[in-house]
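Everything below concerns the one structure shown next.
Chain letters run A, B, ... following the sequence lines, proteins first, then strands; residues in each count from 1.
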There are 2 protein chains.
Amino acid sequence: MIKIVIYDDHKARREALRLLVSFQQDMRCIGDYEDCSDLVSNLKSDPPDVVLMDIHMPGVDGIEGVKLLRKNYPDTLIIMQTIFEDDDNLFNCLLAGANGYILKKAPNEKLIEGIYDVVNGGAPMTPAIAKRVLEHFSKKPSTDNRHLYDLSRREMDILGCLVKGYSHKMIAAELFISPFTVNNHIKKIYQKMQVHSVSEAVATAINKKIV
Amino acid sequence: MIKIVIYDDHKARREALRLLVSFQQDMRCIGDYEDCSDLVSNLKSDPPDVVLMDIHMPGVDGIEGVKLLRKNYPDTLIIMQTIFEDDDNLFNCLLAGANGYILKKAPNEKLIEGIYDVVNGGAPMTPAIAKRVLEHFSKKPSTDNRHLYDLSRREMDILGCLVKGYSHKMIAAELFISPFTVNNHIKKIYQKMQVHSVSEAVATAINKKIV
DNA sequence: TTAAAATTGGCCAGATCAGGCTATTTCCCC
DNA sequence: GGGGAAATAGCCTGATCTGGCCAATTTTAA
């Protein structure tokens, strides 16, 4: 039996969802609330398996709710619900640890299917949302940032060493060149990358996925 | 009218897919091939809108196919097809630029739905695949690396500054403390993280997702 | 309440780095 | 063949960082 709790500020929708869940053989709604202000105490006595979480709620909203759930009930599965697919909060939710993302306008079967999906370890989401996730996630590898700063081959070698935490000396030994040469390459790298220290260069390189 | 091309080494499946497509009002299969060895010339005369691409094919396989398509026909949409959801090639395909990922065992309606999804700019995928993408993308589902080195709150502040490329002085100014104090915290950080320079600390912090 | 840990501040010597300069050799492209 | 970029090597000065040391105060935990 899958225990479900509903968070939504619309009373009518809460009741509709409750009804929908009650029609399922192996699901049971064990609570519905209009916001997450008392989430921790709400669920204490009987933690649910799945939480249907509206994003936009007055008071403590769904994003805070996800964080609270992850902190206090790490095993509880969370399905976010929103009206728009291009909600900017999408990534905040997913990063905060939501398991799925289903539109409110989705047909009931999709929602039920989504509940089964998360229970089975999946992450149900609409194709449009999946697209955004993919883009966000493959942005760095797909776009070729290696030439962002137009670093030469040797400069890339040296930047690679810097990222590994090597000192000038160690780089010289690693690449069989003089420390002076290393120093020169690094100077050139700084110019091209518009930084002024190893740490800045390393941070920039890693964040922009150049190496 | 959506023009579709099929790549699959199984003749029977190619014909089944062709038949399925032919049943749709607004789709037309304009070609099917058993591998991607002549992909570029195959599609030259009449580039398709959507390609259904099997991953595992003898000769030039689907992954190479995706790369060829992206290079020569960047606007063509690609739906990958495989038997297993945990295929290691999954990420290679998605990174190479596949638009969707549908299981071979999926019902026909799902495939047709997926074709419409990619045409509408979505990225159809099964919940299990979406889950893997999400995990790969947020890279910290279970392990809380923040306490990996048992850094104190203040040490985390300072490490955060280091990652941003700040110098000792800048950190002192940022946190309203003496440069000497910064120096002490950094020394402690080095001890705990087992490193000996800012760049090493930054590289370690970013790679292990501590900050 | 007491002990431990965290945070703060300080000093100093030696090593390292940042950024200025010049110069030679190699390689690729026009 | 010539121009230009890349890679190499060298020097120097001042700034910065590393890693010892010590000690006061505050916060946290036992």
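In this structure, the side chains of A:Tyr7 and A:Ile78 stay at 4.5 Å or more apart for every pair of heavy atoms.
Side chain of A:Tyr73 to main chain of A:Leu68: no donor-acceptor pair is present (N/O by atom type, distance under 3.5 Å, no hydrogens or angles). Using a distance-only test at 3.5 Å, with no hydrogens or angles considered, a donor-acceptor pair links the side chain of A:Arg70 to the main chain of A:Thr76.
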What nitrogen or oxygen pairs link the protein and nucleotides 25-29 of chain D at under 3.5 Å?
none

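Summarising the geometry, the separation between CD on A:Gln194 and P on C:dG19 is reported as 11 Å, rounded to the nearest angstrom. Rounded to a whole Å, the CD1 atom of B:Ile189 is 13 Å from the P atom of D:dC17. Rounded to whole angstrom, the span from the CD1 atom of B:Ile186 across to the P atom of D:dT18 amounts to 7 Å. Separating the CG atom of A:Asn183 from the C1' atom of D:dG10 is a distance of 11 Å, rounded to the nearest angstrom. We find that CD1 of A:Ile158 is positioned 7 Å from P of D:dT8, with the value rounded to whole Å. Rounded to an integer number of Å, the gap from CG of B:Leu151 to C1' of C:dA5 is 14 Å. Separating the CE atom of A:Met156 from the P atom of D:dA6 is a distance of 14 Å, rounded to the nearest angstrom. Between B:Lys188 atom NZ and C:dG9 atom P there is a gap of 17 Å when expressed in whole angstrom units.
For C:dA18, one of the phosphate oxygens OP1 or OP2 lies less than 4.0 angstrom from a side-chain nitrogen or oxygen of A:Tyr190. A close approach under 4.0 Å does occur between a side-chain nitrogen or oxygen of B:Ser178 and OP1 or OP2 of C:dG10.
In the set D:dC17, D:dC21, D:dT8, D:dT8 carries the atom at the smallest distance from any side-chain atom of A:Arg154. For B:His185, whose side chain is taken as the heavy atoms from C-beta onward, the closest listed nucleotide among C:dT8, D:dG19, C:dA6 is C:dT8.
Taking a 4.0 Å limit (strictly below) on heavy-atom distances, residues 167-175 of chain A does not reach DNA chain D anywhere.
Taking five base pairs at each end of the helix from C:dT1-D:dA30 to C:dC30-D:dG1 and finding the rotation axis that steps the C1' atoms of four pairs onto the next four gives two axes whose angle is 70°, to the nearest 10°.
Contacts of A:Lys164 classified as side-chain contact (heavy atoms from CB on, under 4.5 Å), with partners at least two apart in sequence or in another chain: A:Tyr166. Taking the side chain to side chain donor-acceptor pair (under 3.5 Å) definition, one finds that A:Lys110 meets it with B:Glu113, sequence neighbours left out. Residues satisfying the side-chain contact (heavy atoms from CB on, under 4.5 Å) criterion with A:Glu15, sequence neighbours excluded, are A:Lys11. Applying the side-chain contact (heavy atoms from CB on, under 4.5 Å) test to B:Asp75 and every residue at least two apart in sequence or in another chain returns nothing. Remark: B:His196 pairs with B:Glu200 by the side-chain contact (heavy atoms from CB on, under 4.5 Å) rule, at least two apart or across chains.
Where A:Phe180 and A:Lys192 meet DNA chain D, the nucleotide closest to each residue was compared, and A:Lys192 sits on the side nearer the 5' end.
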Worksheet item: Once each nucleotide of nucleotides 23-30 of chain C is scored for protein heavy atoms under 4.0 Å, what B/S/- sequence comes out, 5' to 3'?
Response: --------
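Screening residues 24-36 of chain A for salt bridge (charged side-chain N to carboxylate O under 4.0 Å, His left out), with sequence neighbours left out, gives A:Arg14-A:Asp32, A:Arg18-A:Asp32. Residue pairs meeting the salt bridge (charged side-chain N to carboxylate O under 4.0 Å, His left out) criterion with at least one member in residues 36-58 of chain A, sequence neighbours excluded, are A:Lys3-A:Asp46, A:Asp54-A:Lys104. Residue pairs meeting the salt bridge (charged side-chain N to carboxylate O under 4.0 Å, His left out) criterion with at least one partner in residues 165-177 of chain B, sequence neighbours excluded, are absent.
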Item to complete: Determine, stepwise, if the pair B:Gln81 / B:Ile55 fulfils side-chain contact (heavy atoms from CB on, under 4.5 Å).
Response: CA-CA 6 Å; B:Gln81 299 219 262; B:Ile55 292 188; over 6 Å; no
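Within a 6.0 Å radius of NZ in B:Lys71, no more than 12 heavy atoms belonging to other residues, nucleotides or ligands are found.
Taking every heavy atom of both residues into account, B:Met125 and A:Ala130 meet most closely at CE-CB, 3.8 Å.
Backbone-only contact: A:His196 has heavy atoms under 4.0 Å from sugar-phosphate atoms and none from a base.
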